[in-house]
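Here's the structure, in structure tokens; my notes come after.
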Amino acid sequence: MTIKKKAGYLSDYEIVRGSTGKKRLVYHGDFYLCPVSDSQWLRYRRLMLSASFLYVFLWCAASLADPSSLRGSGTIYVILPYAALCFPGLIGLGRTVRLQRLSQQLERMDYDQCVVSLQFCTVLMIVLGFLAAGAQFVHIAIHSAFSPGEWVAAFCFLAIGAAACAAYRMQRKCPCENIGKGPGATGQNKTSPTAV
């Protein structure tokens, strides 16, 4: 038997045997609910996915612009935020892909990984996007590097920071509330119970 839940969340589940003898996990922990309409929830998930793809696209566009500041012998204060920007972008993309399969009523693991973690990735994208853009503009000014590739990279980083700000505002408009194990939390989440 394999358990498809992370070890830190196993206390929220109970292994039960069905009438056919097959084992499954039944959720008994707290639920989190995003109290918006179904259409708003769908719109939120699609916008988060679009924003995540946009971050990755802009990061790749900055790389493909081939600015000298991002090459191996480039400027270290530009390379560091540029390289760091890749990680929250890819992690956030993974979180938003998973978010597409979830209902508004979330188990604790899904809430932590697809709401809390995604907000953290978004904040990192804001900070690192603007930091990378600022570093790129400083590089352009100090080294008189006025080639188109340098400007494309700078504006791509700036766009990442701005898009992440818009995504963060959307996340704040769709907060999730802990509704406990009350009447609405019967374990009938679309992603539960999970077969083992």
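We count residues from 1, following the sequence as given. Predicted model, so just to flag it, every value in this text is computed and none were measured.
- Of the possible polar contacts, none joining the R46 side chain to the W41 backbone as a donor-acceptor pair under 3.5 Å is found.
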(message) Applying side chain to side chain contact (heavy atoms under 4.5 Å, CB included) to V115 and Y32, what does each step give before you reach the verdict?
(response) CA-CA 10 Å; V115 176; Y32 294 81; over 6 Å; no
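- Judged as a salt bridge (Lys or Arg N to Asp or Glu O under 4.0 Å), and not counting sequence neighbours, the contacts of R108 are D12.
- For the side-chain hydrogen bond (donor to acceptor under 3.5 Å, both in side chains) condition, the pairs that include at least one residue of residues 137-147, sequence neighbours left out, are T75-H139.
- Q100 places no side-chain N or O within 3.5 Å of a backbone atom of V97 that could act as its donor or acceptor partner.
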(request) Evaluate the criterion side chain to side chain contact (heavy atoms under 4.5 Å, CB included) for residue pair L90 and V56; output intermediate values, then yes/no. (result) CA-CA 7 Å; L90 292 177; V56 174; 4.2 Å; yes
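- Atom CG of L54 is separated from atom CG of L47 by 11.5 Å, given to the nearest 0.5 angstrom.
- Counting only residues at least two apart or in different chains, side-chain hydrogen bond (donor to acceptor under 3.5 Å, both in side chains) contacts with residues 158-172 comprise T122-Q171.
- Ring centers of F137 and F157: at least 6.0 Å apart, outside the cut-off.
- For Q113 and R98, the side-chain atoms include at least one donor-acceptor pair closer than 3.5 Å.
- For the atom pair I126 CD1 and C165 SG, the distance stands at 4.0 Å (nearest 0.5 Å).
- Here the CE-CZ distance, from M48 to R43, works out to 9.5 Å after rounding to the nearest 0.5 Å.
- In this structure, CZ on R95 lies 10.0 Å from CG on D112, to the nearest 0.5 angstrom.
- Taking the six-membered ring for Trp and thresholds of 30 and 60 degrees, Y82 and W59 have nearly parallel ring planes, at less than 30 degrees apart.
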(request) Take Y44 and V36 through the test side chain to side chain contact (heavy atoms under 4.5 Å, CB included) and record every step on the way to the result. (result) CA-CA 10 Å; Y44 166 74; V36 296; over 6 Å; no
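- One N or O on the side chain of T96 and one on the backbone of L93 form a donor-acceptor pair closer than 3.5 Å.
- We find the CD-SG distance between E177 and C34 to be 8.5 Å, quoted to the nearest 0.5 Å.
- Contact check for C176 versus L33: no side-chain heavy atoms found under the 4.5 Å cut-off.
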